[in-house]
Amino acid sequence: PMSIANRLRLTFGISFAAAVIIGVIGFFSITSSTKMSNDLVHKDAEFLVQAKTLKILALQHRRYEKDFFLNIGKPEKQAKYIKKFKAKSEALKAGMAAMVQMNQGALSLPPEAGKALEAARAAYDNYYARFLELSREVAADPAITPQAANKLMGPFKKQIYTFEENVDLLLTLALENLNQRDNQAIEAGNRLKWLIMGCLAVGGLAIALLAGLTIQRIRKGLASLSGQLEAISQGDGDLTARIEIQSQDEIGQLSGQFNRF
């Protein structure tokens, strides 16, 4: 048989355990959700930064291309611009490779992103190869004017424009993906909120039920003892009367002690 003190300890223990369990569930759920959201947002943001960097590098390519043609007949300056052009090319290719790797990772971009990356890379490779080829032709023929060289390069300038269009598409897809991640994070937060509220409601209900049963049992025992004592006191004062022992807790022990009086 469980004593009143042990019942109260049990009620308190269950209440404390329920609070701890709900707290642990909430803590780990929030921590996990926050970490996942932060990781995904970081990857999306990194992809966006890379795409914007590619746009800047494309503009720098066009600038060095123009500067190279404007300095026909000046080999030293042309060599300087070719060197800068190639340096930006290395940076652009590294950025493209990083974006391909990110797209194959946890970004979950739509299939259009992979196609845009491939189209951008193919357009850039054509542009790059043609410019270097034309630069050698111009260096070997000083009679070519900047206007003539620019005209020869004209059809291949479309390739760098195609590259930029595909990078713009990647930016759009990445922004849409970031917005979708944001909405998913909000939905996850709402689900977590309802989960914690549900746990609190169930835990509170269980605690209230257990506490109510404990209190009801104690009150029932006290009421029974009080009624029997009142019956004895209102009678002839017969102290030989005996109280019915209905439990083995403190109330039952008190009844037994009266019976031994």
Side-chain angles (χ1 to χ4, degrees), residues 26-68 81-133 135 153-195:
F27 173 78
F28 282 106
S29 297
I30 291 172
T31 301
S32 176
S33 178
T34 302
K35 183 179 183 303
M36 181 181 68
S37 297
N38 287 341
D39 289 344
L40 294 176
V41 168
H42 175 74
K43 288 182 173 63
D44 287 333
E46 187 179 356
F47 191 87
L48 283 169
V49 169
Q50 285 285 2
K52 288 183 178 295
T53 301
L54 291 185
K55 286 278 290 184
I56 294 171
L57 289 170
L59 290 173
Q60 291 173 334
H61 275 66
R62 291 161 60 184
R63 172 192 168 187
Y64 295 140
E65 170 204 317
K66 179 181 177 181
D67 289 338
F68 176 86
Y81 289 122
I82 285 292
K83 183 178 180 181
K84 290 182 177 181
F85 185 91
K86 290 182 176 179
K88 297 303 178 183
S89 176
E90 291 299 320
L92 187 146
K93 290 177 180 177
M96 286 288 295
M99 290 178 70
V100 169
Q101 186 174 5
M102 283 187 282
N103 185 53
Q104 293 172 346
L107 280 181
S108 300
L109 289 173
E112 290 84 350
K115 295 177 181 178
L117 282 168
E118 287 300 321
R121 182 158 54 184
Y124 175 76
D125 287 343
N126 288 333
Y127 167 79
Y128 177 78
R130 179 53 184 159
F131 173 71
L132 291 184
E133 180 183 348
S135 68
M153 189 65 194
F156 295 93
K157 286 185 177 182
K158 294 179 180 179
Q159 297 296 322
I160 198 67
Y161 299 149
T162 300
F163 170 84
E164 291 175 332
E165 289 171 0
N166 281 282
V167 172
D168 285 336
L169 175 58
L170 289 169
L171 281 168
T172 300
L173 293 173
L175 284 171
E176 290 175 352
N177 193 60
L178 186 59
N179 291 332
Q180 184 179 0
R181 301 279 198 193
D182 186 47
N183 293 333
Q184 290 173 347
I186 293 173
E187 291 175 1
N190 290 334
R191 287 195 298 269
L192 179 60
K193 178 183 70 175
W194 287 111
L195 172 63

**Study point:** Partners meeting salt bridge (Lys or Arg N to Asp or Glu O under 4.0 Å) with E133 (sequence neighbours left out)
**Key:** R130

Point to revise | Any M96 side-chain heavy atom under 4.5 Å of F163 side chain | key: yes

Point to revise | K84: partners by salt bridge (Lys or Arg N to Asp or Glu O under 4.0 Å), with sequence neighbours left out | key: none

Check your understanding: Does any pair with a residue in residues 113-126 pass salt bridge (Lys or Arg N to Asp or Glu O under 4.0 Å), and if so which ones, sequence neighbours excluded?
Key -> E118-R121

Study note, to complete from the structure: side-chain contact (heavy atoms from CB on, under 4.5 Å) filter on K83, not counting sequence neighbours, yields none

Exercise for review: Hey, could you give me each pair passing ring pair (Phe, Tyr, Trp, His ring centres under 6.0 Å) that has a residue in residues 81-103? Not counting sequence neighbours.
Suggested key: H61-F85, F85-Y128, F85-F131

Review point. Looking at residues at least two apart in the chain, or sitting in another chain, which of them share a side-chain contact (heavy atoms from CB on, under 4.5 Å) with A113?
Key: N103, L109, L170, L173

Check your understanding: Nearest 0.5 Å, what's the CE-NZ distance between M153 and K66?
Key -> 14.5 Å

Check your understanding: Which salt bridge (Lys or Arg N to Asp or Glu O under 4.0 Å) pairs, counting each pair once, include a residue from residues 164-174, with sequence neighbours left out?
Key -> K55-D168, R62-E164

**Study point:** side-chain hydrogen bond (donor to acceptor under 3.5 Å, both in side chains) partners for S135, two or more places apart
**Key:** none

Exercise for review: May I ask you to test the L48-L171 pair for a side-chain heavy-atom distance under 4.5 Å?
Suggested key: yes

Revision key, fill the gap. Looking only at heavy atoms, the pair that brings Y124 and I160 closest together is CD1-CD1, 4.2 Å

Practice item. Could you pull out all residues at least two apart from Q60 that satisfy side-chain contact (heavy atoms from CB on, under 4.5 Å)? Key: I56, L57, Y64, K88

Check your understanding: Are any of the side-chain heavy atoms of T162 and Y127 separated by less than 4.5 Å?
Key -> no

Exercise for review: Any chance you could measure L117, atom CG, to N166, atom CG, to the nearest 0.5 Å?
Suggested key: 8.5 Å

**Study point:** Q50 versus G95, closest heavy-atom pair with distance
**Key:** OE1-CA, 3.5 Å

